[in-house]
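What you see below is based on every heavy atom in this structure, not just the backbone, and it leaves out hydrogens, waters and symmetry mates. First the proteins, then the strands, lettered A, B, ... as listed; each starts at 1.
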Amino acid sequence: MVGLRAALLAWFDRNARALAFRFERDPDPWAVLVSEVMAQQTQVARVAEKWLAFMGRFPTPAALASAPTGDVIRAWQGLGYNRRAIDLQRAARAIVLAGGRVPEDIDSLQALPGVGPYTARAVAAIAFGRPVGAVDVNVRRVLGRLTGADPAAAPQREMQAAADALVDPARAGDWTHALMDLGATICRPARPECDACPVRTWCSFAGVAGVRPNPAPGRRGAVPFEATTRWLRGRIVGRLCGVPPGTTVTFDGPLGLHAPEAVSAALASLAADGIVELDAVGAARLAGEQA
DNA sequence: GTCCGGCAAG
DNA sequence: CTTGCTGGAC
């Protein structure tokens with residue numbers, strides 16, 4: 001165990017990806033929380049740029065908590081999943097009500113809107129040095145190959161226990177980054193570079209098994225993206241972001257492939273998510289912006 | 001076409 | 001347990 005930790009951390013010290021939201025030491029917990037929420041289902045390279053601008057605009061929980069929601073949605077453009085922006089602002093407001101500091105323990109972190117098992121542990125480890133393992137798809141794959149378990153079948157509890165057991169308590173934050181960097185650059189889903197892997201001598205997968213092809217993709221391309229609700233929602237929000245703050249836009253008639261009823265339904269769901277507000281006649285504007 | 005440093009709600 | 005949510009890079 002000790003050998004594996006030392007080997008991976010030594011590799012990390014030389015090969016860490018240079019990402020804007022990483023800190024040498026003394027990380028700002030708020031900055032870490034923002035970066036981890038942005039990274040949910042979003043590739044880290046794209047997060048980095050958006051994160052810089054977002055932190056400049058909302059450097060503290062208080063700054064985000066008091067901002068018009070429309071400003072937050074605009075700052076989120078390009079990241080997708082706008083509900084995360086709404087949840088992050090709600091989390092900021094909860095943090096402010098609780099004294100203004102990002103909580104350190106997993107339970108309190110996970111009680112924040114938009115913060116689940118992964119994000120709570122990532123923040124606890126990276127921002128506060130807690131010896132807990134953050135298990136995302138990446139880490140799940142790496143641990144699965146290391147131990148010989150099937151990542152798709154292993155219960156979350158077992159993966160979590162394995163991840164917790166492996167963490168180097170002296171460098172919990174670096175350990176978290178190291179595992180994810182390994183998964184992103186060496187232990188990739190397809191064609192892993194086992195020859196270059198710093199922990200191959202401990203791995204049950206390296207050099208032995210061929211890479212299993214991913215499970216059948218199913219019929220994914222059957223529906224064109226323009227026909228999905230996601231496309232429609234994105235189109236509506238994009239339109240509202242492009243208009244001066246507080247301006248209302250009326251969406252009558254079809255939009256792309258979508259009938260007027262579908263557009264209304266999308267507006268209603270966006271309103272339910274707190275992303276847009278609808279006035280009495282059904283005109284829409286970004287949430288939290290006055291006319 | 002695939003894959004993202006997930007989460008909440010049903 | 002399953003589903004919806006986004007957008008870009010490769």
Side-chain angles (χ1 to χ4, degrees), chain A residues 12 16-17 19-22 32-51 73 76-88 90-91 109-127 132-143 151-153 155-156 159-160 163 173-185 187-192 211 213-238 241 262 265-266 268-270 272-276:
Chain A
F12 176 73
R17 289 177 293 172
L19 300 172
F21 51 81
R22 286 186 176 173
V32 174
L33 176 60
V34 171
S35 70
E36 291 302 334
V37 170
M38 284 185 174
Q40 290 165 7
Q41 288 289 280
T42 303
Q43 290 177 331
V44 289
R46 194 152 32 101
V47 167
E49 320 152 22
K50 293 290 175 182
W51 175 84
I73 296 167
W76 202 263
Q77 282 296 287
L79 286 167
Y81 296 119
N82 289 294
R83 286 201 301 218
R84 292 184 299 165
I86 303 298
D87 283 343
L88 185 59
R90 287 169 46 210
L109 281 164
Q110 207 167 324
L112 297 171
V115 176
Y118 164 78
T119 306
R121 285 165 179 80
V123 172
I126 295 167
V132 292
V135 181
D136 64 356
V137 226
N138 233 349
V139 172
R140 172 175 281 271
R141 179 181 62 257
V142 172
L143 295 183
Q156 177 63 23
M159 280 291 178
Q160 186 62 60
D174 285 346
W175 178 260
T176 305
H177 285 142
L179 266 185
M180 293 198 280
D181 280 14
L182 187 70
T185 64
C187 194
R188 297 172 302 214
R191 290 182 303 161
V211 183
N214 290 333
R219 300 174 49 76
R220 217 162 314 184
V223 178
F225 185 60
E226 295 77 30
T228 64
T229 308
R230 292 179 177 182
W231 179 89
L232 181 55
R233 285 170 58 109
R235 200 66 200 285
I236 291 169
V237 174
C241 283
S269 87
L270 285 166
D273 285 341
I275 296 167
V276 309

Query raised in the report: Considering heavy-atom distances to DNA chain C, does A/Ser269 or A/Gln43 have its closest nucleotide positioned more toward the 5' end?
Result: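 Looking at DNA chain C, the more 5' nearest nucleotide goes with A/Ser269.
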
Could you give the [atom1]-to-[atom2] distance, from [X] to [N], as a whole number of Å?
X        : N     : atom1 : atom2 : result
A/Leu88  : B/dC7 : CG    : P     : 13 Å
A/Tyr118 : B/dC4 : OH    : P     : 13 Å
A/Tyr81  : C/dG8 : OH    : P     : 13 Å
A/Asp87  : C/dG4 : CG    : P     : 18 Å
A/Gln110 : B/dA8 : CD    : C1'   : 12 Å
A/Asn82  : C/dG4 : CG    : C1'   : 14 Å
A/Gln160 : B/dG6 : CD    : C1'   : 14 Å
A/Arg188 : B/dC4 : CZ    : C1'   : 15 Å

Could you work out, with side-chain hydrogen bond (donor to acceptor under 3.5 Å, both in side chains) as the rule, every residue matching [X], not counting sequence neighbours?
X        : answer
A/Arg235 : none
A/Gln40  : A/Thr119
A/Asp181 : A/Arg17, A/Arg22
A/Ser269 : A/Arg233

Quick one: which protein N/O atoms are closer than 3.5 Å to N/O atoms of nucleotides 1-3 of chain C? Pair and distance per line, please.
none

Using a heavy-atom cut-off of under 4.0 Å over every strand shown, decide if [X] touches base, sugar-phosphate, or nothing.
X        : value
A/Thr119 : sugar-phosphate
A/Arg233 : sugar-phosphate
A/Arg22  : base
A/Ile86  : nothing
A/Ile126 : base
A/Arg17  : base
A/Asp273 : nothing

Can you name the closest pair of heavy atoms from [X] and [Y] and give their distance?
X        : Y        : result
A/Leu232 : A/Ala266 : CD2-CB, 3.6 Å
A/Val47  : A/Phe21  : CG1-CE2, 3.8 Å
A/Met38  : A/Thr42  : O-CB, 3.2 Å

**Report entry** Stems involving DNA chain C, each a run of at least 3 consecutive Watson-Crick or G-U pairs under 3.5 Å
**Finding:**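 Expected stems, ordered by start: B:1-4 with C:7-10, B:6-10 with C:1-5.
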
Query raised in the report: Listed by chain and number, what are the salt bridge (Lys or Arg N to Asp or Glu O under 4.0 Å) partners of A/Arg46, not counting sequence neighbours?
Result: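 Checked A/Arg46 against salt bridge (Lys or Arg N to Asp or Glu O under 4.0 Å); zero matches.
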
**Report entry** Residues which pass ring pair (Phe, Tyr, Trp, His ring centres under 6.0 Å) with A/Trp76, listed by chain and number, not counting sequence neighbours
**Finding:**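 Ring pair (Phe, Tyr, Trp, His ring centres under 6.0 Å) list for A/Trp76, sorted by chain: A/Phe54.
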
State which residues pass side chain to side chain contact (heavy atoms under 4.5 Å, CB included) with [X]; sequence neighbours excluded, sorted by chain then number.
X        : value
A/Ala120 : A/Ile106, A/Leu109, A/Gln110, A/Val115
A/Ala91  : A/Leu112, A/Pro113
A/Ala20  : A/Ala48, A/Trp51, A/Leu52

**Report entry** A/Gln40 side-chain N/O to B/dG6 phosphate OP1/OP2 under 4.0 Å
**Finding:**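 Checking A/Gln40 against B/dG6: no side-chain N or O falls below 4.0 Å of OP1 or OP2.
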
Query raised in the report: Would you call A/Arg84-A/Asp87 a salt bridge at under 4.0 Å N-O?
Result: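 Salt bridge flag = no for A/Asp87 with A/Arg84.
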
Query raised in the report: So which one's nearest nucleotide on DNA chain B is more toward 5', A/Arg46 or A/Val115?
Result: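 Of the two residues, A/Arg46 wins.
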
Requested in this report: Pull out every residue in residues 132-139 of chain A that has a heavy atom closer than 4.0 Å to any atom of DNA chain C, ordered by number, or say none.
Outcome: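 When residues 132-139 of chain A is checked for heavy atoms under 4.0 Å from DNA chain C, there are no hits whatsoever.
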
